[in-house]
Amino acid sequence: MGGSPDTSGPSGPEAGPRVPGAANRRWWDENADDYQFEHGAFLRDAGFVWGPEGLDEADAGLLGDVAGLRVLEVGCGAAQCARRLRAAGARPVGVDVSFRQAQHARRLDEQTGVAVPVVTADAGALPFADGAFDAACSAYGALPFVADLDGVLREVARVLRERGRWVFSVSHPVRWAFPDDPGPAGLVADRSYFDRTPYVETDQAGRWAYAEYHHTIGDWVRALTATGFVVRDLVEPEWPAGNTNVWGGWSPLRGRLLPGTAIFVCERTA
């Protein structure tokens, strides 16, 4: 689950493609252990939360009844969500660019006794047949980190059957106008919502090592429509009173005033 942009990063029309898939893959391989150690308890070994607010799929039911369905989790990490879907009767498969995350998935398979197939692959080149899945989902996985958003959406549409449901969560686009700060500083907008400059981290040689990409609500709707989806719902979870968790720029203070997560509920129409 990502954060907000850093305006000190490179910009311009050719900025996005400068981060090869291998760079983000390397970053996630190197940081998977820390990510799972820091957030594993919140995510749960076999749990499905849509974002830092803690909205649980068991309560929200955004995927509908998944019993017997073939479900693909895109950017699955350690496959916590897919493991929960299997407990609900689905036949899930996870895909993630990070081999280290797949190793954590195997660890959780052994610990929980609930095994989920996980494939290491790029979301822009899914190694599955056309129409292989009845539904697909992603909780902050893959989509924030790819320059070619349309390419990933086309791949998801390709592997879904007609009328297949596609539900995914990302940082709420409005958050990109605010500093990624859980305190009072994060309540004052300091850049334009329409500035699509990526958030970038560089290595010691100054090369891009990690990036997240900003799309406005309109960008998301147009991209989804252009790749064969219709948006059935847009869920903006409110911060619940009992959630005292601080996750990067997410916090109770900000959550009471600003949406932190956007969940797109879509259907493949063509």
Side-chain angles (χ1 to χ4, degrees), residues 1-40 42-43 51-52 73-80 94-105 107 118-127 138-153 155 168-173 175-182 185-186 190-191 195-215 219 223 246-250 260-261:
M1 299 179 184
S4 300
D6 180 350
T7 53
S8 65
S11 61
E14 62 281 329
R18 290 173 55 192
V19 183
N24 265 342
R25 180 182 300 112
R26 183 166 56 251
W27 191 94
W28 279 106
D29 279 343
E30 293 174 353
N31 290 274
D33 291 357
D34 289 342
Y35 181 87
Q36 294 297 334
F37 176 79
E38 183 177 357
H39 302 300
F42 180 79
L43 297 173
E73 184 185 2
V74 179
C76 67
Q80 286 97 334
V95 63
D96 199 280
V97 72
S98 168
F99 178 70
R100 185 56 179 163
Q101 290 281 35
Q103 289 180 314
H104 280 287
R107 172 180 61 81
V118 171
V119 178
T120 302
D122 193 297
L126 296 172
S138 184
Y140 279 82
L143 294 170
F145 313 106
V146 295
D148 184 11
L149 176 61
D150 288 354
V152 171
L153 293 177
E155 275 293 272
F168 64 92
S169 61
V170 293
S171 294
H172 198 291
R175 291 286 294 274
W176 284 72
F178 297 82
D180 197 26
D181 188 318
D190 65 354
R191 69 208 75 184
D195 180 0
R196 295 167 177 82
T197 303
Y199 165 78
V200 175
E201 295 178 5
T202 57
D203 61 20
Q204 293 182 342
R207 297 169 300 192
W208 286 28
Y210 171 93
E212 290 187 41
Y213 298 87
H214 169 47
H215 309 282
D219 292 341
V246 174
W247 182 323
W250 285 263
T261 296

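Keep in mind that what you see is a predicted model, and the values were worked out from it rather than measured.
- In this structure, D203 contributes its side chain and R207 its backbone to a donor-acceptor pair below 3.5 Å.
- A78 approaches Q36 most closely through the heavy-atom pair CB-NE2, 3.6 Å.
- For A223 against L149, the heavy-atom pair with the smallest separation is CB-CD2, 4.1 Å.
- Residues Q80 and E73 have side chains that never bring a donor and an acceptor to within less than 3.5 angstrom of each other.
- Taking the centre and axis of the six-membered ring of W250, the NZ or CZ atom of R175 falls inside the cone set by 45° and 6.0 Å.
- Residues D96 and G75 approach most closely at OD2-C, 3.3 Å, considering heavy atoms.
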Let's go through W27 and F145 carefully: what are the C-alpha distance in whole Å and the side-chain angles of both, what is the deciding distance for ring pair (Phe, Tyr, Trp, His ring centres under 6.0 Å) to 0.1 Å, and is it a yes or a no? CA-CA 11 Å; W27 191 94; F145 313 106; 7.9 Å; no
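- Of the options R100, Q103, Q101, a side chain to side chain donor-acceptor pair (under 3.5 Å) to D33 is made by R100 and by none of the others.
- The two residues Y140 and V170 have their closest heavy-atom pair at OH-O, 3.4 Å.
- With 3.5 Å as the limit, one finds no donor-acceptor pair spanning the side chains of T202 and Y210.
- Across A105 and G77, no two heavy atoms sit closer than the pair CB-O, 4.4 Å.
- Side chain to side chain, D195 and T197 meet the donor-acceptor criterion of an N or O pair below 3.5 Å.
- Looking at L143 and V152, their side chains come closer than 4.5 Å, going by heavy atoms from C-beta outward.
- More than 12 non-hydrogen atoms from other residues, nucleotides or ligands lie less than 6.0 angstrom from CZ of R107.
- When all heavy atoms of S169 and A139 are compared, the pair lying nearest together is OG-CA, 3.2 Å.
- In this structure a side-chain-to-backbone donor-acceptor pair under 3.5 Å is present from S138 to V74.
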